[in-house]
K.L.:
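One structure is given below, represented as structure tokens, and several questions about it will come after.
In listed order, ligands and their atoms are each counted from 1.
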Amino acid sequence: MAAPVEVALVLLLLLPFAAADTDRDALVAFKAGVTSDPASALRSWNDTAHFCRWAGVTCTAGWVTSLDVSSSNLAGEVSPAVGNLTHLVVFNLTRNGFSGNIPPSLGRLQQLEFLSLCDNAFTGEIPDTLRNCTRLTVAYLNNNNLVGGVPGWLGALPNLTIVRLSHNSLSGRIPSSLANLTKIERLELDQNLLEGSIPDGLWRLPELAFFTVSMNRLAGEIPTGFFNMSSLQGIALANNAYRGELPPNAGARTPNLMYLFLGGNRLAGPIPASLSNATQLQVLSLANNSFTGQVPVEIGKLCLGSLQLSNNELTATDAGGWEFLENLTNCSNLAEIFLDGNRLAGAMPTSIARLSPQLEKLSLANNRISGTIPPEIGNLVGLQTLSLQSNLLAGTIPEGIGKLENLQELVLEQNNLAGPVPSAIGDGLTKLLKLDLSSNSLNGSIPPSLGKLKQLTFLNISGNELTGHVPRELFALASLSSVMDLSYNQLDGPVPRDVGQLTNLALMVLSGNRFSGEVSAELGSCQSLEFLDLSTNSFTGSIPPSLSRLKGLRMLNLTGNRLTGSIPPELGQMSGLQELSLSRNELSGGIPASLETMSSLIELDLSDNRLDGQVPLHGVFANTTGFRMTGNSALCGGAAWFRLPPCPATSNSTRHAHLFLKFGLPAIVGAMCLAVLFAALRWRRKKSIIANTAARSVLNGNYYPRISYAELAKATDDFTDANLVGAGKYGSVYRGTLL
Ligand SMILES: *[C@@H]1O[C@H](CO)[C@@H](O)[C@H](O)[C@H]1NC(C)=O
Ligand SMILES: *[C@@H]1O[C@H](CO)[C@@H](O)[C@H](O)[C@H]1NC(C)=O
Ligand SMILES: *[C@@H]1O[C@H](CO)[C@@H](O)[C@H](O)[C@H]1NC(C)=O
Ligand SMILES: *[C@@H]1O[C@H](CO)[C@@H](O)[C@H](O)[C@H]1NC(C)=O
Ligand SMILES: *[C@@H]1O[C@H](CO)[C@@H](O)[C@H](O)[C@H]1NC(C)=O
Ligand SMILES: *[C@@H]1O[C@H](CO)[C@@H](O)[C@H](O)[C@H]1NC(C)=O
Ligand SMILES: *[C@@H]1O[C@H](CO)[C@@H](O)[C@H](O)[C@H]1NC(C)=O
Ligand SMILES: *[C@@H]1O[C@H](CO)[C@@H](O)[C@H](O)[C@H]1NC(C)=O
Ligand SMILES: *[C@@H]1O[C@H](CO)[C@@H](O)[C@H](O)[C@H]1NC(C)=O
Ligand SMILES: *[C@@H]1O[C@H](CO)[C@@H](O)[C@H](O)[C@H]1NC(C)=O
Ligand SMILES: *[C@@H]1O[C@H](CO)[C@@H](O)[C@H](O)[C@H]1NC(C)=O
Ligand SMILES: *[C@@H]1O[C@H](CO)[C@@H](O)[C@H](O)[C@H]1NC(C)=O
């Protein structure tokens with residue numbers, strides 16, 4: 001009688017063991033698939049402890065039920081052996097670097113309820129076998145590189161509540177079977193390549209609260225049924241190709257709606273007043289469409305956090321259309337208002353000064369707003385950006401603006417503002433990063449207080465009527481990194497030695513003023529300069545050789561000064577220089593022949609100097625597109641286009657040419673290297689259509705470098721050979737990581 005009992009006991013003991021061994025083997029296989037574990041997240045996965053105590057592993061009754069190695073910096077491929085963890089309920093690989101396909105064997109995990117593979121680098125299609133994971137409630141596959149379609153069988157997994165497939169490369173249509181997901185609460189499909197229309201019936205899903213399909217290629221009209229969904233809390237259809245109008249009762253039956261993102265479509269017609277019935281609405285984003293008419297006053301009833309109506313065809317005049325702003329003054333949560341790029345006209349409503357002190361962003365730019373900036377604007381103490389550019393604002397900049405102590409961006413460019421630059425800007429706006437007052441009629445001198453803006457990275461006061469010396473403090477503002485543009489004013493005096501402190505600055509434009517004295521040798525210390533325009537001033541003396549220390553310089557314009565002497569041969573060593581403009585000075589000597597081999601050089605202006613000798617034939621010299629040399633008396637040879645006299649038999653090549661060859665050739669190689677990199681910056685000489693001053697033409701193109709030479713140098717480890725990917729006709733290509 002004893003024997004069978006023993007057998008049964010042995011079996012009872014053995015069975016779980018055998019099964020557990022499969023689990024252990026599967027985990028060991030999983031670990032073997034991990035090729036990189038810099039944080040030693042799987043260090044504990046060894047025989048000193050039972051596998052149920054390994055980090056990230058949870059067991060129930062001896063079986064692995066949860067494997068969570070999220071945010072562990074792991075890379076490699078997921079072993080198919082995971083399909084042997086047949087009791088797995090939670091599989092969490094969130095935020096790692098796993099690549100390769102999703103193993104089809106996951107379809108064997110019939111207990112699986114939570115699957116998160118998001119924020120990895122998985123490729124291939126979503127495997128069909130996953131249709132067997134019928135208990136799935138949560139599936140996060142977002143932020144990978146998955147291709148193929150959204151699987152239709154998803155609609156047959158009855159317990160799904162959250163599905164995230166955003167940010168992949170999924171294509172095709174949204175399957176109509178998803179309308180069977182009666183428990184679904186969140187369906188997120190943004191940033192894929194989906195096309196077609198939204199299937200009918202999705203809006204009948206009783207629990208659906210968040211539906212997001214922004215940034216796809218969806219088209220057609222927005223199904224009106226969505227505006228009937230009482231469960232809806234957020235819907236994002238932005239950046240697709242939806243057209244048509246919003247139903248006149250939109251908002252009336254969506255009492256729980258908090259987010260409405262419809263920007264970047266082709267929606268037209270009026271903004272329905274009924275949206276004000278969606279009393280929970282926090283973000284109303286209708287930007288980048290073709291909405292017309294006035295912003296309904298009822299919108300002011302909503303206590304919004306963000307109102308985004310930029311780039312539509314909305315109107316307002318003195319006779320009406322601004323009332324909604326008055327009503328929005330009751331809303332204390334309001335954090336941002338974007339009304340830029342519409343057809344709003346009439347005087348600037350004084351109600352803006354009574355908006356919430358919580359307001360952080362206010363943009364009314366690119367409209368036809370006249371009147372003055374209300375002095376009480378200083379009440380908006382929470383403001384971080386104030387953009388009023390490209391309007392018809394007149395009067396002075398109120399001193400009260402200096403109370404906006406949190407302001408980071410102040411852009412008043414292109415209005416009719418007159419009077420002085422208020423000293424209060426420098427005294428009060430200590431957090432300012434960007435100040436653009438260009439293209440107005442501001443006069444007086446530049447207040448020294450601007451030198452107190454120790455965070456300022458961008459300063460543009462060009463195209464005004466400012467006079468006098470530039471305060472030394474401004475040239476000592478080491479924070480300036482992107483732009484310092486003082487061009488087209490009536491500023492005079494020398495550029496102080498302090499200028500050498502602008503070591504982070506990429507673009508300096510002083511053209512069109514009355515600056516005098518020598519070109520400061522200290523400019524050679526501004527090591528990040530890529531664009532230096534000192535043209536049309538009264539600089540005297542010779543070109544300082546120290547400029548050649550500017551290794552990232554792409555464009556140098558000294559045209560229209562009173563410089564003398566010859567071109568320093570060191571300029572030939574400047575690997576980054578792509579464009580050099582020296583015309584209308586008093587330079588003398590010959591043209592360095594080696595310039596013709598600089599394939600990066602696309603524009604060369606040597607006109608109105610005293611250059612002599614042979615004009616080269618090739619490169620930039622080949623035709624009249626990029627080369628100008630009129631007004632030099634003794635040039636000869638060159639391409640037939642120029643109709644110059646032939647050169648004497650022994651053309652006396654000057655000392656400069658020799659030196660240029662000696663120093664220039666190595667430099668040219670370097671210049672070509674950078675050419676390709678800079679091409680990537682999409683740097684182009686696009687002339688602006690709004691150009692009323694030459695300054696504007698510089699500033700409206702893509703001239704402002706987005707990436708600085710310093711950043712590039714850092715990214716490529718100072719252009720080391722190790723980062724050289726290849727060299728070809730147009731230069732060398734480097735690999736680099738921008739941090
Ligand atoms: C093995 O795992 C233990 C923890 O269980 C850990 O302390 C030890 O460092 C691991 N050994 C190795 C060689 O990684
Ligand atoms: C999965 O991992 C993420 C990131 O660590 C975590 O926030 C989440 O709670 C985990 N989910 C489950 C069910 O373990
Ligand atoms: C799953 O387990 C079985 C039985 O232990 C084994 O034969 C098989 O190789 C395992 N599968 C994988 C993919 O490791
Ligand atoms: C999926 O389930 C079906 C039926 O239960 C079964 O025949 C098939 O082998 C399963 N596929 C996988 C990959 O487990
Ligand atoms: C769905 O969930 C319910 C409740 O958790 C469960 O009883 C049911 O078995 C699940 N359905 C499937 C197909 O797993
Ligand atoms: C939804 O489910 C029903 C019943 O299970 C089924 O008949 C229908 O085909 C499904 N619809 C779609 C679009 O898959
Ligand atoms: C929305 O609801 C209203 C009132 O219940 C109904 O008349 C209308 O047909 C519904 N619209 C759609 C598209 O279902
Ligand atoms: C919806 O808003 C409109 C306009 O504000 C209003 O006339 C109407 O009574 C509101 N309807 C509901 C159901 O609240
Ligand atoms: C509108 O379009 C502009 C330019 O494409 C973009 O920068 C902005 O983010 C868009 N605004 C919204 C709210 O989508
Ligand atoms: C707008 O504000 C005015 C003045 O506060 C008020 O009389 C009016 O009723 C408000 N209109 C709406 C639609 O809220
Ligand atoms: C140099 O500046 C002058 C005057 O400011 C301008 O006309 C010319 O186009 C500039 N040259 C280049 C190459 O940009
Ligand atoms: C001038 O040279 C450029 C570049 O080599 C070329 O694209 C352009 O067609 C030429 N123009 C003329 C008029 O030959």
K.L.:
Below 4.0 angstrom, counting only protein heavy atoms, does anything approach atom 12 (C) of ligand 5?
P.N.:
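Under the 4.0 Å cut-off, atom 12 (C) of ligand 5 does have protein heavy-atom neighbours.
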
K.L.:
Between Phe210 and Arg186, is there a cation-pi geometry (under 6.0 Å to ring centre, at most 45° from the normal)?
P.N.:
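So Arg186 does make the cation-pi contact.
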
K.L.:
Is there a donor-acceptor contact under 3.5 Å from the side chain of Asn101 to the main chain of Pro103?
P.N.:
no

K.L.:
Is it true that, when you exclude Lys31 itself, more than 12 heavy atoms of the residues, nucleotides or ligands shown sit nearer than 6.0 Å to its NZ?
P.N.:
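Buried by this count: over 12 neighbours within 6.0 Å.
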
K.L.:
Would you say Arg95 and ligand 2 have an N/O pair spaced under 3.5 Å apart?
P.N.:
no

K.L.:
Identify, by atom number and element, the atoms of ligand 1 in contact range of Thr48, meaning under 4.0 Å from any of its heavy atoms.
P.N.:
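So the answer, numbered in order with elements, is 1 (C), 2 (O), 3 (C), 5 (O).
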
K.L.:
Parallel, tilted or perpendicular, judged at 30° and 60°: which one describes the rings of Tyr140 and Phe114?
P.N.:
perpendicular

K.L.:
Against heavy atoms of Arg135, which atoms of ligand 5 measure under 4.0 Å?
P.N.:
14 (O)

K.L.:
In terms of residue, atom name and distance, what is the protein heavy atom nearest to atom 7 (O) of ligand 1?
P.N.:
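Ranked first by proximity to atom 7 (O) of ligand 1 is Arg43 NE, 5.0 Å.
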
K.L.:
Going by the order shown, which atoms of ligand 2 are within less than 4.0 Å of some heavy atom of Phe114?
P.N.:
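Reading through ligand 2 atom by atom, the close ones are 11 (N), 12 (C), 13 (C).
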
K.L.:
Right, does atom 9 (O) of ligand 2 have protein non-hydrogen atoms nearer than 4.0 Å?
P.N.:
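No, no protein heavy atom sits under 4.0 Å from atom 9 (O) of ligand 2.
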
K.L.:
Do Ser214 and Asp190 get their side chains close enough for a donor-acceptor pair, meaning under 3.5 Å?
P.N.:
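No pair is found: no donor N or O on one side chain lies under 3.5 Å from an acceptor on the other.
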
K.L.:
So which of Ser70, Ser116, Gly56 gets nearest to atom 4 (C) of ligand 2, if we judge by its closest heavy atom?
P.N.:
Ser70

K.L.:
Are there over 12 heavy-atom neighbours, none belonging to Tyr259, within less than 6.0 Å of that residue's OH?
P.N.:
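Counting neighbours around OH of Tyr259, 12 or fewer heavy atoms of other residues, nucleotides or ligands fall under 6.0 Å, so no.
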
K.L.:
Closer than 4.0 Å to some heavy atom of Asn46 - which atoms of ligand 1 meet that?
P.N.:
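In order of number, 1 (C), 2 (O), 3 (C), 8 (C), 10 (C), 11 (N), 12 (C), 14 (O).
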
K.L.:
May I ask you to decide if Thr94's main-chain N or O and Asn92's side chain share a donor-acceptor pair within less than 3.5 Å?
P.N.:
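Such a contact is found between Asn92 side chain and Thr94 backbone.
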
K.L.:
Name the option, out of Thr134, Asn159, Thr137, that contains the heavy atom nearest to atom 2 (O) of ligand 5.
P.N.:
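Shortest heavy-atom distance from atom 2 (O) of ligand 5: Asn159.
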
K.L.:
Enumerate the atoms of ligand 2 whose separation from the nearest heavy atom of Ser71 is less than 4.0 angstrom.
P.N.:
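Those qualifying, in numeric order: 5 (O).
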
